[in-house]
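For reference, the structure discussed in these notes is given below.
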Amino acid sequence: MDIDYLLTTSDPVAVQDLFDEAARLRDEVYGRRIFIRGLIEITNHCRNNCLYCGIRRDVKTQRYRLSKEQILDCCRTGHALGFRTFVLQGGEDAWFTDDVVCDIVSAIKGEFPDCAVTLSLGERGRESFTRLREAGADRYLLRHETADANHYAHLHPAEMSFEHRMQCLHDLRDLGFQVGAGFMVGSPGQTLETLKKDLDFIADFRPEMVGIGPFIPAAGTPFEKHPAGSVELTLRLLAIIRILHPHVLLPATTALGTLHPQGRERAINAGANVVMPNLSPQDTRALYSIYNNKLSTHSEAAETVADTRARLKAIGFDIPVDRGDFSKLKIEN
Ligand code: SF4
C-alpha cells in the first residue's frame, strides 16, 4: 500500500477504492454489524495540562464528578437500551483512587455480568492497572496521541513524557487488557512524517482499538485558534488503519460527527465499526467540553440510540446486543 499516495492524492477513484477495500475487510471480519459502547464521562477534573484539551487543569470551567450510584444508573439505562459495553472516561482525577475505581468496576460487573467495562482514565502506574484488571476491567483506552517524541512534547507540558505514555500502553497489554490507542488528525505540529509513524506504531503494536478523530480546537487552550483537522484526511486514515490491521475495533468518533453532519456514516463507509453514544447524565455532558461544539450534548440516551440505529440501518448496518469484543477470526488478507 502506497501510504504517501493515499494520504495526498486528489484522485476520487483512488480514494473510493481505498474506502471500499477497508469496508470489505471490515465486513469480512465483523459482518454488517456496528458495535455500540455506552460512554459515561465520570469526571472532568484533571491534574494534567495537555495543550489541546478543553478540560485541562488551567481551563476555568465548572468541574464535576459522578458518584458510584450515578454511574450505575447510567449503566442501568444503557443496559435496557441494549448496550453491553460501558466506557468510563475521565480526566486524571486523584479522587478516583484505585479503591474507588475498583469498587465501581466490581459493582458494574456484579450487576451486569454480560457486559464489558472499558476504562479511559489516563496514565496510571502498573500496580494501579493490575488492580483495575483484577477488579474486572476488560479494556483500557489511552490514546498515544502521536508516535513521534518531539511532536508529543509539542502537544504536552514538560511534566508529561512520551516514554511513560508508551510504557502505560505496554503495561496494559501485558496485563491482558484489550488496549485502545489513537490520535487526533490535524493536531498542531503534525506532519505527513509523524502520521506515518502513527501508522507504523499501529501496524506494529496492533492495539485492539484505535480511536482517531479530527483535532477540534478548544476554547481557553493554547491551541484555541489552530484550525480543525480535516474530515477527509481522517476518513482516509481510518481506511488505511482498517487495511493495515483488519481486526481492529475502529470507532466513528464524535469529533467526526461534530465537524460533518454525515461524519460518522462516512466513517462507517470507510471501514469503522464502533459508535459510542453518550450515556452521561444530561446535566454534566456540556461540562465535558474537551473541544468546542461537541456533538450530542442535549439529547436523551434513548433518543440518541434510536437516532444512531436509524442512521446505521439506512446505510445497511445492524447494531447487535453484543459486547463487541476484538475478533481473533483468521482472514485471508
Ligand atoms: S487530554 Fe486527558 S489527561 Fe490531558 S488534560 Fe485532557 S483530560 Fe487531562
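In listed order, ligands and their atoms are each counted from 1. All of these numbers come straight from a predicted model, not from anything done at the bench. Only this structure's heavy atoms are used, side chains among them; waters, hydrogens and symmetry mates stay out.
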Practice task
Check ligand 1 against G91 and write out every atom of the ligand that is under 4.0 Å from a heavy-atom position of the residue.
Solution key: 7 (S)
Handout entry: salt_bridge(E232, R266) N-O dist < 4.0 Å
Key = yes
Exercise for the section: Could you list the atoms of ligand 1 found under 4.0 angstrom from a heavy atom of R56? Expected result: 5 (S)
Handout entry: Donor-acceptor contact below 3.5 Å, side chain R26 vs main chain A272
Key = yes
Exercise for the section: Could you tell me whether the side chains of N48 and H156 share a donor-acceptor contact shorter than 3.5 Å? Expected result: no
Practice task
Identify the protein heavy atom lying closest to atom 6 (Fe) of ligand 1, giving its residue, its atom name and the separation to 0.1 Å.
Solution key: C53 SG, 2.3 Å
Problem - Face-on cation placement of R133 at F177 ring, 6.0 Å and 45° thresholds - result: yes
Handout entry: Contact partition for C46 relative to ligand 1, non-hydrogen atoms under 4.0 Å
Key = side chain
Practice task
Flag atom 3 (S) of ligand 1 as yes if some protein heavy-atom distance to it falls below 4.0 Å, otherwise no.
Solution key: yes
Practice task
Verify, without hydrogens or angle tests, whether T9 (side chain) and Y5 (backbone) share a donor-acceptor contact under 3.5 angstrom.
Solution key: no
Problem - Where ligand 1 meets I55 - atom numbers and elements under 4.0 angstrom, heavy-atom basis - result: 7 (S)
